[in-house]
Amino acid sequence: KEYCESLDITYLCTPFSWSAARELSQLDVPAYKIGSGEMTDIPTLIKIAGLGKPMLISTGMSDFEEIDRTYSALAQHKVEFALMNCVSEYPPVYEDMNLNVIGRMKEEFNEAVIGHSDHSPDLFTSFAAVALGAKILEKHVIIDKRTPGPDQSVSIDFVELAALVEGVRKIEASLGN
């Protein structure tokens with residue numbers, strides 16, 4: 001966290017339990033990233049919501065009924081939260097991405113910010129998600145693509161990250177209001 005702050009990078013971390021969320025609260029994180037595996041653990045999500053920080057919730061492996069239960073529970077607790085469209089494949093098959101679900105999420109879950117957690121190895125689906133209304137993007141970034149690791153195949157490098165940011169800003173400008 002200190003290193004991130006020294007570089008003006010916002011530090012986030014994913015708690016996989018209530019105990020981990022309490023530990024992170026001691027670090028004064030600005031928000032909590034909730035992984036897809038914890039999206040349906042409503043009792044824990046409500047406790048985390050009680051910490052008073054926004055939540056970014058990935059929806060991979062969940063159907064609309066499960067997403068609706070989580071959405072309804074959190075909406076009652078007046079916490080700021082985002083639902084992140086997500087396909088839990090690493091890397092995903094493009095035919096499985098189903099990005100048009102972003103529009104349905106915007107309609108059905110209108111009290112949440114809708115984002116996209118992109119595990120594709122390039123930028124195209126992130127650009128499409130923004131054009132479809134995603135307000136937050138999650139993308140894995142790696143310093144060197146030759147470095148082995150669990151998410152190497154779904155990560156972009158910093159040159160690609162710069163291109164992603166530039167492209168998103170141009171798409172946002174071109175969408176108008």
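What's counted below: heavy atoms across the whole structure, side chains too, no hydrogens, waters or symmetry copies.
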Next item on the list: State, yes or no, whether a side-chain contact exists between P30 and T10 at a heavy-atom distance under 4.5 Å.
Entry: yes
Item checked: Steps toward side chain to side chain contact (heavy atoms under 4.5 Å, CB included) verdict (F158, V141) -> CA-CA 7 Å; F158 284 93; V141 180; 3.6 Å; yes
Item checked: Test: E160 and K139 ion pair at under 4.0 Å -> no
Next item on the list: State plainly whether one hydrophobic cluster holds both L123 and Y90, where clusters connect Ile, Leu, Val, Met, Phe, Trp and Tyr through side-chain heavy atoms under 4.5 angstrom apart.
Entry: no
Check: Same hydrophobic cluster for W18 and I57, using side-chain heavy-atom links shorter than 4.5 Å among ILVMFWY?
Finding: yes
Margin query: With heavy-atom distances below 4.5 Å as the criterion, would you say the side chains of T70 and I67 are in contact?
Written below: no
Margin query: Surrounding CD of E5 (heavy atoms of other residues, nucleotides or ligands, distance under 6.0 Å), is the total greater than 12?
Written below: yes
Notebook entry, point to check: In terms of side-chain geometry, is the basic nitrogen of K53 or D28 positioned less than 4.0 Å from the acidic oxygen of its partner?
Noted result: yes
Margin query: Would you compute the distance between atom CD of E38 and atom NZ of K33 and round it to the nearest 0.5 angstrom?
Written below: 9.0 Å
Next item on the list: Please tell me if the side chains of T14 and I34 come closer than 4.5 Å, counting only heavy atoms from C-beta onward.
Entry: no
Note to self: Is any side-chain heavy atom of P91 closer than 4.5 Å to one of V154?
What the structure shows: yes
Item checked: Derivation and outcome, side chain to side chain contact (heavy atoms under 4.5 Å, CB included), residues L83 and M105 -> CA-CA 8 Å; L83 295 173; M105 289 176 77; 3.8 Å; yes
Next item on the list: Establish whether F64 and M97 are linked, either directly or via other cluster members, by ILVMFWY side-chain heavy-atom contacts under 4.5 Å.
Entry: yes
Note to self: How about CG on L175, more than 12 heavy atoms from neighbouring residues, nucleotides or ligands closer than 6.0 Å, or not?
What the structure shows: yes
Note to self: Going by the rule ring pair (Phe, Tyr, Trp, His ring centres under 6.0 Å), which residues pair with Y94 if we only count those two or more places apart in sequence or in a different chain?
What the structure shows: none
Next item on the list: Answer yes if F127 and V87 sit in the same cluster of Ile, Leu, Val, Met, Phe, Trp and Tyr residues linked by side chain heavy atoms under 4.5 Å apart, and no otherwise.
Entry: no
Next item on the list: Could you check if a side-chain atom of E172 sits within less than 4.5 angstrom of a side-chain atom of V130, using non-hydrogen atoms only?
Entry: yes
Check: In terms of hydrophobic clusters joined by side-chain contacts under 4.5 Å, are L56 and V113 together?
Finding: yes
Notebook entry, point to check: For G60, does its backbone N or O pair with a side-chain atom of S36 as donor and acceptor, under 3.5 Å?
Noted result: yes
Next item on the list: List the steps and the verdict of salt bridge (Lys or Arg N to Asp or Glu O under 4.0 Å) for E107 and R104.
Entry: CA-CA 5 Å; E107 287 176 18; R104 182 174 170 196; over 6 Å; no
Margin query: Would S25 and Y32 count as a side chain to side chain contact (heavy atoms under 4.5 Å, CB included) here? Give the steps.
Written below: CA-CA 9 Å; S25 73; Y32 297 95; 3.2 Å; yes
Checklist line | K170, NZ: over 12 other non-hydrogen atoms inside 6.0 angstrom | finding: no
Margin query: Would the distance check show the side chain of S17 and the main-chain N or O of A20 forming a donor-acceptor pair, the cut-off being under 3.5 Å?
Written below: yes
Margin query: Going by side-chain contact (heavy atoms from CB on, under 4.5 Å), name the residues that satisfy it together with A73, two or more places apart in sequence or in a different chain.
Written below: I42, I46
Checklist line | Interatomic distance, S155 atom OG to L161 atom CG [nearest 0.5 angstrom] | finding: 11.0 Å
Notebook entry, point to check: Between atom CZ of R22 and atom CD1 of I48, what is the distance when rounded to the nearest 0.5 Å?
Noted result: 10.5 Å
Margin query: When you measure from the side chain of T147 to the backbone of D144, do you find a donor-acceptor pair of N or O atoms at a distance under 3.5 Å?
Written below: yes
Notebook entry, point to check: Angle class for the F109/Y71 ring planes (parallel below 30°, perpendicular above 60°, tilted otherwise)?
Noted result: tilted
Notebook entry, point to check: Between I114 and I102, is any pair of side-chain heavy atoms under 4.5 Å apart?
Noted result: yes
Margin query: Nearest 0.5 angstrom please: M39 CE to T44 OG1, how far?
Written below: 13.0 Å
Note to self: Atom CD of residue position E23 - does it have more than 12 heavy atoms of other residues, nucleotides or ligands inside 6.0 Å?
What the structure shows: no
Checklist line | Result of checking D118, T125, L164 against L137 for side chain to side chain contact (heavy atoms under 4.5 Å, CB included) | finding: L164
Margin query: How close do L12 and A31 get, counting heavy atoms only, and between which atoms?
Written below: CD2-O, 3.4 Å
Note to self: The test is side chain to side chain contact (heavy atoms under 4.5 Å, CB included); show your working for C86 and H119 and say whether it passes.
What the structure shows: CA-CA 8 Å; C86 179; H119 302 120; 3.4 Å; yes
Margin query: Do I156 and I142 have side chains that approach each other closer than 4.5 Å (heavy atoms only, starting at C-beta)?
Written below: no
Notebook entry, point to check: So, are E166 and R169 salt-bridged, with charged N and O less than 4.0 Å apart?
Noted result: no
Note to self: Counting C-beta onward and ignoring hydrogens, is there a side-chain heavy-atom pair between E138 and H116 closer than 4.5 Å?
What the structure shows: no
